[in-house]
Amino acid sequence: MTNIRNILQTLINNDIEFVIIGGVAAIALGSDYPTSDLDICYSRTTENLQRLSSVLLSLDAKLRNVPPDIPFTPDAPTLKSGLNFTFTTSLGALDILGEVGGIGFYNEVKKFSNEEIVFGLKCFVLNLDGLLLSKKFAGRKKDEPVIIELEAIKEMLQKKK
Amino acid sequence: METDEKKSAIQRAIEYGIDITLIESNMRLTPTQRLEKLQGMMELIEEMKKVRTRRYGNLIVSDQHSEYSPNANK
């Protein structure tokens, strides 16, 4: 089971630059669709890759959906040579994306985020416009109800103003 | 009859089958409370998986390295 609080705490304790995206961001904004993993978009600066690599190693991160006998070490050069990774860690499922489809890399994603306090931690969370952009860009059938729900949430918030 | 474009997003969601009352209820919570609710749901699902395993054993494939995964070696 994914321990969202502890993963976020670990990322923040290690000064990882990231934005919460995906299903957890949608839930933080009011969605009622559950998710079982935590997705983040991370900065690809050399320093951040090194810090992120240390965190992933400390969490015993293994690639998900890949046979366990395939060797993989999430060191900084490996993270640099790839982009988006899906991991199983000692704290649960963690997906790290260097680029979010429909938005771009970390710096662009951050522009579509708001600073929120979650579990007492200051985190950047992808906002409704960003979520809608990324989900529409992905064009997956499974996102259809989430898009309709997020558009309803956006309208509710606009009516409140 | 109203076209889809003229309908409000809330109306479209209701017609799609989304329970707006659940969203309204979420909107009254803080982001932390919403994520705590998700965490509670995850814990419940985990408990239900244990019940499933106790009752049926490991007949059902693992959720992690599923043989039905598109990336699985067959």
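Computed from a predicted structure; not experimentally measured. The figures that follow rest on heavy atoms only: side chains count, while hydrogens, waters and symmetry mates do not. Labels below follow one simple rule: chain letters A, B, ... track the order of the sequence lines, proteins then strands, and each chain is numbered from 1.
A salt bridge between B:Arg34 and A:Asp32 is absent, with no side-chain N of the basic residue lying under 4.0 Å from a carboxylate O of the acidic one. A salt bridge links A:Lys141 to A:Glu144: at least one charged side-chain nitrogen sits closer than 4.0 Å to a carboxylate oxygen. Salt-bridge check for A:Glu116 with A:Lys122: failed, with every basic side-chain N at 4.0 Å or more from each acidic carboxylate O. A salt bridge links A:Arg64 to A:Asp95: one of the charged nitrogens lies within less than 4.0 Å of a carboxylate oxygen. Between A:Lys136 and A:Glu151, at least one side-chain nitrogen of the basic residue sits less than 4.0 Å from a carboxylate oxygen of the acidic one, meeting the salt-bridge criterion.
Take A:Lys160 and apply the side-chain hydrogen bond (donor to acceptor under 3.5 Å, both in side chains) test, not counting sequence neighbours, and it matches no residue.
When each of A:Leu52, A:Ile96, A:Leu59 is checked for a side-chain contact (heavy atoms from CB on, under 4.5 Å) with A:Leu11, only A:Leu52 meets the rule. When each of B:Lys49, B:Glu46, B:Glu47 is checked for a side-chain contact (heavy atoms from CB on, under 4.5 Å) with A:Met1, only B:Glu46 meets the rule.
No part of B:Gln33 comes within reach of chain A, as not one of its non-hydrogen atoms sits under 4.5 angstrom from that chain. Residue contact with chain A, scored on non-hydrogen atoms closer than 4.5 Å, involves the backbone and the side chain of B:Ile23 alike. For B:Ile18, the part lying near chain A is the side chain, with the backbone staying farther off; criterion is any non-hydrogen pair under 4.5 Å. Neither the backbone nor the side chain of A:Lys154 comes within less than 4.5 Å of any heavy atom in chain B. Heavy atoms closer than 4.5 Å to chain A are found nowhere in B:Ile14, neither backbone nor side chain.
Open room surrounds CZ on A:Phe137; 12 or fewer heavy atoms of other groups in view lie less than 6.0 Å from it.
The choice from A:Leu121, A:Thr2, A:Val125 that makes the most heavy-atom pairs within less than 4.5 Å of chain B is A:Thr2. Ranked by non-hydrogen atom pairs under 4.5 Å with chain A, the options B:Ile45, B:Thr30, B:Asn26 are led by B:Asn26.
Using a 4.5 Å cut-off between non-hydrogen atoms, the part of residues 33-46 of chain A that approaches chain B consists of A:Tyr33, A:Pro34, A:Thr35, A:Ser36, A:Asp37.
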